[in-house]
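There's a structure below that I have some questions on.
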Number of protein chains: 2
Amino acid sequence: MKTLEQYITHYFDIIAPAELQQICSLFVPEQLSKGAYFVKTGQHCRKLSFIRSGILRMYAHTDEKEVTQWIGTEGYFVTDLSSLLFGQQSRWTIQALSEVSLFSISIEHYRKIGRLVRQWDELEKMFLAKCFTTMEHRIFDLLSLSAEERYKQFFAQQPELFNQVPLQYIASMLGMTPETFSRIRKKMLP
Amino acid sequence: MKTLEQYITHYFDIIAPAELQQICSLFVPEQLSKGAYFVKTGQHCRKLSFIRSGILRMYAHTDEKEVTQWIGTEGYFVTDLSSLLFGQQSRWTIQALSEVSLFSISIEHYRKIGRLVRQWDELEKMFLAKCFTTMEHRIFDLLSLSAEERYKQFFAQQPELFNQVPLQYIASMLGMTPETFSRIRKKMLP
DNA sequence: AGCACTGCTTGATAAATATCAAGAATTTAC
DNA sequence: GTAAATTCTTGATATTTATCAAGCAGTGCT
């Protein structure tokens with residue numbers, strides 16, 4: 001568990017100390033108990049948070065099934081960007097998979113940052129571009145890798161997650177059924 | 001074929017006429033002959049263009065295969081965002097699938113826009129957020145839809161593309177082999 | 001016209017992945 | 001601590017998708 005300053009500078013790395021302080025003062029700590037919702041499909045997501053501890057899952061429903069889009073752990077930010085920035089209803093439900101501790105900033109306070117920090121627009125732009133690139137990368141992986149390769153890659157990146165959350169959610173996020181996930185997992189173990 | 005003003009306002013819709021004129025003056029027309037490269041993997045992409053006419057394909061190679069990430073037609077913008085904004089080497093190759101006519105702006109001129117247009121940062125932010133959302137949507141589709149469903153959905157969105165580009169590229173973009181694509185296509189026809 | 005080239009289709013077959021069902025293991029709730 | 005609920009595993013089977021191989025259909029070239 002790090003400080004808010006550290007979480008922020010991980011995403012927005014070239015902020016002067018004084019400005020960083022100002023930004024931090026706009027955040028408030030927040031707790032979610034296990035099972036609580038950060039935002040639900042159809043609601044407006046009006047905040048952005050850094051995960052101080054705990055795990056959150058972002059998912060949505062199709063007609064038949066539930067699709068996990070993302071699982072976030074300490075250090076990640078969490079929000080529905082399109083709901084936050086465009087004021088749309090959220091496509092996603094974001095739910096706490098454990099006790100969760102957050103640093104949160106409301107959309108109103110978030111908008112203030114631009115007035116406090118001179119180069120904020122540039123930083124925010126880079127932040128969004130980074131988010132875009134991450135998604136682009138993920139699409140490439142989904143187009144080019146098999147289920148087993150996606151498993152391996154994700155396990156290499158976040159092995160600790162595999163004993164912290166129900167595996168079915170990881171399976172869904174990787175685009176396979178829990179059964180397929182289980183079989184690949186068994187194959188990988190020895 | 002529309003005017004540059006129309007292409008720009010499609011993505012950045014609330015610009016005053018005078019400012020729009022200034023922005024347009026930074027673009028130059030450009031032609032690519034069929035097969036020519038807009039950018040190649042490993043190069044730096046230093047421009048952003050609107051497609052006035054023609055078709056471009058963005059792709060990359062894995063060890064075994066070539067993966068088409070995107071096919072762009074009239075009205076779309078084309079660039080490697082992460083290369084453009086971060087100065088990185090491009091992951092992608094972008095190639096003209098036909099004679100292509102573009103309006104292009106160099107990165108140097110692009111950076112000038114911020115000084116010309118007061119609310120540019122806000123517009124650019126929304127633009128990037130929109131790009132992000134599009135990618136997020138696409139991931140959801142790849143996670144939740146079968147090959148046939150992806151075919152149907154894409155056909156519903158861009159049917160004209162199906163007789164303008166080699167179908168194998170569409171197949172790749174949708175995450176299936178040309179054979180599978182062909183079989184689904186046959187099934188859909190009658 | 002005839003020939004190479006590229007892209008598309010088709011069939012046969014194999015491999016990957018999903019589905020369904022049951023049981024084992026783990027976690028949660030009281 | 002025990003019962004209930006949830007999650008995970010496993011097997012049998014079905015479906016989807018990929019692979020391989022061959023042939024066909026355009027297209028451009030000379």
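To find a chain, count down the sequence lines: A is the first, B the second, and so on, and within it residues start at 1. Only a predicted model underlies this, so the values are computations on that prediction, with no experimental measurement involved.
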For this session: Kindly indicate, with the supporting measurements, whether the criterion side-chain contact (heavy atoms from CB on, under 4.5 Å) is fulfilled by A:Ile107 and A:Arg111.
Result: CA-CA 6 Å; A:Ile107 179 65; A:Arg111 294 211 182 99; 3.5 Å; yes
Problem set entry | Minimal non-hydrogen separation, A:Cys131 against A:Leu81, with atom names |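 Closest pair (atom of A:Cys131, atom of A:Leu81, distance): SG-CD1, 4.2 Å.
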Problem set entry | Atom pair distance, as rounded to whole Å: CG in B:Leu167 and P in D:dA25 |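 Checked: the CG to P distance equals 17 Å.
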Exercise. Are B:Met188 and B:Met176 linked, directly or through other ILVMFWY residues, by side chains that come within less than 4.5 angstrom of each other?
Worked result: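 The answer is yes; both residues are in one hydrophobic cluster.
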Exercise. Do B:Tyr169 and B:Tyr59 sit in the same hydrophobic cluster, where Ile, Leu, Val, Met, Phe, Trp and Tyr count as joined when their side-chain heavy atoms come under 4.5 Å apart?
Worked result: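 Each belongs to a different hydrophobic cluster.
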Problem set entry | Given D:dA21, D:dA12, D:dA18, the nucleotide with the shortest approach to the side chain of A:Arg183 |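 Among the listed nucleotides, the one closest to the side chain of A:Arg183 is D:dA12.
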Exercise. Earliest and latest nucleotide of DNA chain C, 5' to 3', sitting under 4.0 Å from a non-hydrogen atom of chain B?
Worked result: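 Using the under 4.0 Å cut-off, the span is C:dG7 to C:dA12.
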Exercise. Knowing that exactly one of A:Tyr7, A:Phe127, A:Trp70 qualifies, which makes a ring-ring contact (aromatic ring centres under 6.0 Å, His included) with A:Phe77?
Worked result: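 So the option named by the test is A:Phe127.
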Problem set entry | Distance in angstrom units between B:Gln164 CD and D:dG26 P, rounded |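 Interatomic distance, CD of B:Gln164 to P of D:dG26: 19 Å.
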Problem set entry | Protein-nucleotide distance (B:Glu179, atom CD; D:dA21, atom P), rounded to Å |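 To the nearest whole Å, that distance equals 12 Å.
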Exercise. Is any NZ, NE, NH1 or NH2 atom of the basic residue among B:Glu74 and B:Lys2 found under 4.0 Å from an Asp or Glu carboxylate oxygen of the other?
Worked result: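 No.
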Exercise. NA contact type, B:Lys65, heavy-atom cut-off 4.0 Å: base, sugar-phosphate, or nothing?
Worked result: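 No contact.
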Exercise. Taking CZ from A:Arg57 and P from D:dT7, how many angstroms apart are they, rounded to a whole number?
Worked result: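 That distance rounds to 9 Å.
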Exercise. Should B:Thr180 be listed as having a side-chain N or O under 4.0 Å from OP1 or OP2 of D:dT17?
Worked result: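 So the side-chain polar atoms of B:Thr180 never come under 4.0 Å of the phosphate oxygens OP1 or OP2 of D:dT17.
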Exercise. If you measure from the Lys or Arg side-chain nitrogens to the Asp or Glu carboxylate oxygens, is any gap between B:Lys125 and B:Glu122 under 4.0 Å?
Worked result: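 So B:Lys125 pairs with B:Glu122 through a salt bridge.
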Exercise. A:Glu64 CD to D:dT15 P: how many Å, rounded?
Worked result: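 Distance check: A:Glu64 CD to D:dT15 P gives 16 Å.
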For this session: I would like to know whether B:Phe103 and B:Ile8 meet side-chain contact (heavy atoms from CB on, under 4.5 Å); could you show each step before the answer?
Result: CA-CA 10 Å; B:Phe103 289 119; B:Ile8 293 177; over 6 Å; no
Exercise. Considering all heavy atoms of both residues, which atom of A:Glu30 and which atom of A:Ser49 are nearest to each other, and what is their separation?
Worked result: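 Closest approach of A:Glu30 to A:Ser49, heavy atoms only: OE1-OG, 4.3 Å.
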For this session: Determine whether A:Leu142 and A:Met135 fall in the same hydrophobic cluster, where Ile, Leu, Val, Met, Phe, Trp and Tyr are linked whenever their side-chain heavy atoms lie under 4.5 Å apart.
Result: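 Yes, same cluster.
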Exercise. Looking at A:Phe27, does the NZ or CZ of A:Lys47 lie under 6.0 angstrom from its six-membered ring centre and within 45 degrees of the ring axis?
Worked result: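 Checked: cation-pi criterion not met.
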Exercise. In dot-bracket form, how is DNA chain D paired, counting a Watson-Crick or G-U wobble pair only if both its distances are under 3.5 Å and using | for bases paired to another strand?
Worked result: ||||||||||||||||||||||||||||||
Using the 3.5 Å cut-off, write out each protein N or O paired with an N or O of nucleotides 27-30 of chain D and the distance between them.
none

Problem set entry | OP1 or OP2 of D:dT9 under 4.0 Å from side-chain N/O of A:Lys186 |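 Checking A:Lys186 against D:dT9: no side-chain N or O falls below 4.0 Å of OP1 or OP2.
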For this session: Can you tell me the distance, in whole Å, between the CD1 atom of B:Ile184 and the P atom of D:dT17?
Result: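 Atom-to-atom, B:Ile184 to D:dT17, this comes out as 6 Å.
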Problem set entry | Passing option when B:Glu148 is tested against B:Lys186, B:Arg185, B:Lys187 for salt bridge (charged side-chain N to carboxylate O under 4.0 Å, His left out) |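 Only match with B:Glu148 under salt bridge (charged side-chain N to carboxylate O under 4.0 Å, His left out): B:Lys187.
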Exercise. What is the distance from CG of B:Asn163 to C1' of D:dG26, rounded to the nearest Å?
Worked result: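 Roughly 15 Å, once rounded to whole Å.
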For this session: Take atom CD of B:Glu148 and atom C1' of D:dT16, then tell me their distance rounded to the nearest Å.
Result: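 Taking atom C1' of D:dT16 as the reference, CD of B:Glu148 is at 10 Å.
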